[in-house]
Engineer: 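For reference, the structure I am asking about is given below.
Atoms within each ligand, like the ligands themselves, are counted from 1 in listed order. All values below were derived from every heavy atom in this structure, side-chain atoms included, with hydrogens, water molecules and symmetry-related copies excluded.
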Amino acid sequence: MPVPLMVANWKMHKTVPEAVDLVQDLLPQIREVRDVEVAVAPPYTALHAVGKAIEGTPVELASQNMFWELEGAFTGEISPGMLRDLNCRYVILGHSERRQYFGDGDGEVARKVNTALVEGLVPILCVGETLGERDYGKTFEVVQRQVLSGLDGSVVDRGDELVIAYEPVWAIGTGKTSSPGAAQEVHSHIRGLVKSLLGEETGRDIRILYGGSVKPDNIDGLMAMDDIDGALVGGASLDAASFARIVRFKGM
Ligand code: 13P
């Protein structure tokens with residue numbers, strides 16, 4: 001059983017002072033927690049300051065996106081080296097909001113995942129079906145396509161080099177969550193896929209996170225499932241006490 005991972009995705013929230021306040025509020029509330037890894041993903045502008053605030057703590061820094069080129073004339077983009085420079089360990093890639101609003105298709109996501117792996121960052125590859133796809137019974141098909149295409153051309157040797165996040169699009173920011181049992185079915189399907197793709201051991205060790213309206217009152221049920229190894233948390237991570245409760249899920 002891999003070490004659970006809880007990731008706070010702050011999305012486009014928080015100025016620099018607000019972000020530092022939030023992480024400083026969070027740190028004492030999770031100080032006693034052992035055997036759970038925690039990462040925070042502030043907006044780009046706050047990565048440096050939040051990185052400084054978590055120095056010397058076990059909390060890891062994550063970026064919400066990245067470009068696949070190493071440098072060049074790409075106005076407005078951020079390279080893997082720039083993220084490594086700030087001590088980022090993780091990078092969220094293929095989030096449904098990037099797919100929906102910013103043109104990140106399967107091909108773009110695969111290039112980003114590939115570059116992140118080569119450049120020593122740990123991609124958090126996000127996958128998940130829309131409401132329409134779910135209603136048409138296409139959940140497994142969509143998730144399978146996104147996992148396979150997202151990893152196309154990439155080499156993953158160990159389970160700690162990659163994280164996958166299953167975020168049903170209809171559950172993001174809506175207050176609706178997948179039932180733990182339904183999420184487990186998708187997670188188990190993803191686990192099977194990565195095992196056949198990357199080998200039994202690597203597939204077993206990869207963390208598969210659940211995301212989509214994760215809150216203090218539903219985290220325990222989700223974490224009780226065999227193939228749910230953590231959470232990617234949006235709204236509830238903007239409140240230090242809520243996120244701390246998620247990190248301290250029951251069963252810990
Ligand atoms: P919410 O927790 O606000 O539903 O967001 C989920 C998400 O998109 C995390 O990446």
Engineer: Could you check whether any heavy atom of Cys126 sits closer than 4.0 Å to an atom of ligand 1, since that is the contact criterion I want to use?
Structural biologist: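 Per 4.0 Å heavy-atom rule, Cys126 does not contact ligand 1.
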Engineer: Around atom 3 (O) of ligand 1, find the nearest protein heavy atom and jot down its residue, atom name and distance.
Structural biologist: Gly235 N, 2.8 Å
Engineer: Does the side chain of Glu161 reach to within under 4.5 Å of the side chain of Val122, using non-hydrogen atoms?
Structural biologist: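 Of all side-chain heavy-atom pairs linking Val122 with Glu161, none is under 4.5 Å.
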Engineer: Are side-chain heavy atoms of Leu232 and Cys126 found at a separation under 4.5 Å?
Structural biologist: yes
Engineer: Between Glu37 and Tyr90, do the side chains contain an N or O donor and an N or O acceptor separated by less than 3.5 Å?
Structural biologist: yes
Engineer: Is Phe74 atom CZ crowded by more than 12 heavy atoms from other residues, nucleotides or ligands, each under 6.0 Å away?
Structural biologist: yes
Engineer: Between Ser213 and ligand 1, does any nitrogen or oxygen pair lie at a separation below 3.5 Å?
Structural biologist: yes
Engineer: Could you tell me, atom by atom, which parts of ligand 1 come under 4.0 Å of a heavy atom of Gly173?
Structural biologist: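 Close to Gly173: 1 (P), 3 (O), 4 (O).
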Engineer: Hey, is the main chain of Ala8 close enough, under 3.5 Å, to the side chain of Ser237 for a donor-acceptor pair?
Structural biologist: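 Checked: no pair found.
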Engineer: For ligand 1, is any non-hydrogen atom under 4.0 Å from Asn9's backbone (N, CA, C, O), its side chain (CB onward), both, or neither?
Structural biologist: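 It is the side chain that gets close, since no backbone atom is under 4.0 Å.
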Engineer: Is the shortest N/O to N/O distance between Gly212 and ligand 1 below 3.5 Å?
Structural biologist: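 No, there is no polar N/O contact under 3.5 Å.
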Engineer: Which residue supplies the protein heavy atom nearest to atom 7 (C) of ligand 1, what is that atom called, and how far is it?
Structural biologist: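 Ranked first by proximity to atom 7 (C) of ligand 1 is Glu167 OE2, 3.1 Å.
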Engineer: So, does Glu141 use its side chain to make a donor-acceptor pair with the main chain of Lys138 at under 3.5 Å?
Structural biologist: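 Side chain of Glu141 to backbone of Lys138: no pair is present.
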Engineer: What protein heavy atom lies closest to atom 5 (O) of ligand 1? Include the residue and the distance to one decimal.
Structural biologist: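 I find the closest protein heavy atom is Lys11 NZ, 3.2 Å.
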Engineer: Applying a heavy-atom cut-off of 4.0 Å, say which part of Ser237 lies close to ligand 1: side chain, backbone, both or neither.
Structural biologist: neither
Engineer: Any side-chain heavy atom of Glu129 within less than 4.5 Å of one from Pro168?
Structural biologist: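 Result yes, sub-4.5 Å side-chain heavy-atom pair found.
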Engineer: Has Asp227 got a side-chain atom pairing as donor or acceptor with His187's backbone, closer than 3.5 angstrom?
Structural biologist: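 Side chain of Asp227 to backbone of His187: no pair is present.
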Engineer: Quick one: nearest non-hydrogen protein atom to atom 2 (O) of ligand 1, plus distance?
Structural biologist: Gly234 N, 2.9 Å
Engineer: Between Thr174 and ligand 1, does any nitrogen or oxygen pair lie at a separation below 3.5 Å?
Structural biologist: no
Engineer: By number and element, which atoms of ligand 1 are closer than 4.0 Å to a non-hydrogen atom of Ala171?
Structural biologist: 4 (O)
